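Below: the structure, in structure tokens.
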Amino acid sequence: AIIITGNLSDQWESLKLVLPINIGAGVHFISGTGPIFSIFQQGFYTYYGTAGSLTIAEHDVQRQIVRGTFFFNFVNNGGATISVTAGQFEAMYVDQSTE
């Protein structure tokens, strides 16, 4: 898997996207059952994305770079649906599957 992590440490918030290593360009759906997962952490609470979308603009396997945009929803402890919107990323990764 490719795991992309971002955080706002001063606000105790972070998010993770978990993508299959062989993900291709295009629109993919985020759900609670995968294969693409989103996780939002706020303080000591962890919330899993229930619905959303991830658009891969580029996945260069040779250079090990993945770039795209995303949004997703999750339900907080109070039962409210919260939206994470207009997310974007460009990440280099290390393929450890052959090591």
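Predicted model only: the values in this text are computed from it and were never measured.
- Grouping the Ile, Leu, Val, Met, Phe, Trp and Tyr side chains by contacts below 4.5 angstrom, directly or via other members, places Val66 with Ile21.
- How far CE of Met92 is from CG of Asp60: 9.5 Å, rounded to the nearest 0.5 Å.
- Using a 30° and 60° split on the angle between ring planes, Phe74 and Tyr47 fall in the parallel class, below 30°.
- Heavy atoms of other residues, nucleotides or ligands lying less than 6.0 angstrom from CD of Gln64 number more than 12.
- The shortest non-hydrogen separation linking Ala57 to Ala25 is O-CB, 4.4 Å.
- Considering NE2 of His59 and CD1 of Ile23, their distance stands at 8.5 Å, rounded to 0.5 Å.
- The CZ atom of Phe70 lies 8.5 Å from the CG atom of Leu54; values are rounded to the nearest 0.5 Å.
- Note on Ile4 and Tyr93: same hydrophobic cluster, where clusters join Ile, Leu, Val, Met, Phe, Trp and Tyr whose side-chain heavy atoms are under 4.5 Å apart, directly or indirectly.
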- Passes side chain to side chain donor-acceptor pair (under 3.5 Å), Ser83 versus Asn73? Steps please. CA-CA 4 Å; Ser83 297; Asn73 297 328; 2.7 Å; yes

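- Val94 and Ile3 end up in different hydrophobic clusters when Ile, Leu, Val, Met, Phe, Trp and Tyr side chains are linked at under 4.5 Å.
- Leu15 has its side chain within reach of Val84: a pair of non-hydrogen atoms, C-beta onward, lies under 4.5 Å apart.
- Of all the heavy atoms in Pro20 and Pro35, the pair that sits closest is CD-O, 3.8 Å.
- Of the inter-residue distances, the one linking Ile30 atom CD1 with Tyr48 atom OH reads 14.5 Å to the nearest 0.5 angstrom.
- Here the shortest heavy-atom pairing between Ser31 and Phe37 reads O-CD2, 3.8 Å.
- Looking only at atom types and distance, the side chain of Thr46 has a donor-acceptor partner in the side chain of Gln41 under 3.5 Å away.
- One finds the CG atom of Leu17 at 9.0 Å from the CD1 atom of Ile36 (value rounded to the nearest 0.5 Å).
- Atom-to-atom distance recorded for Trp12:CH2 and Leu8:CG is 13.5 Å, nearest 0.5 angstrom.
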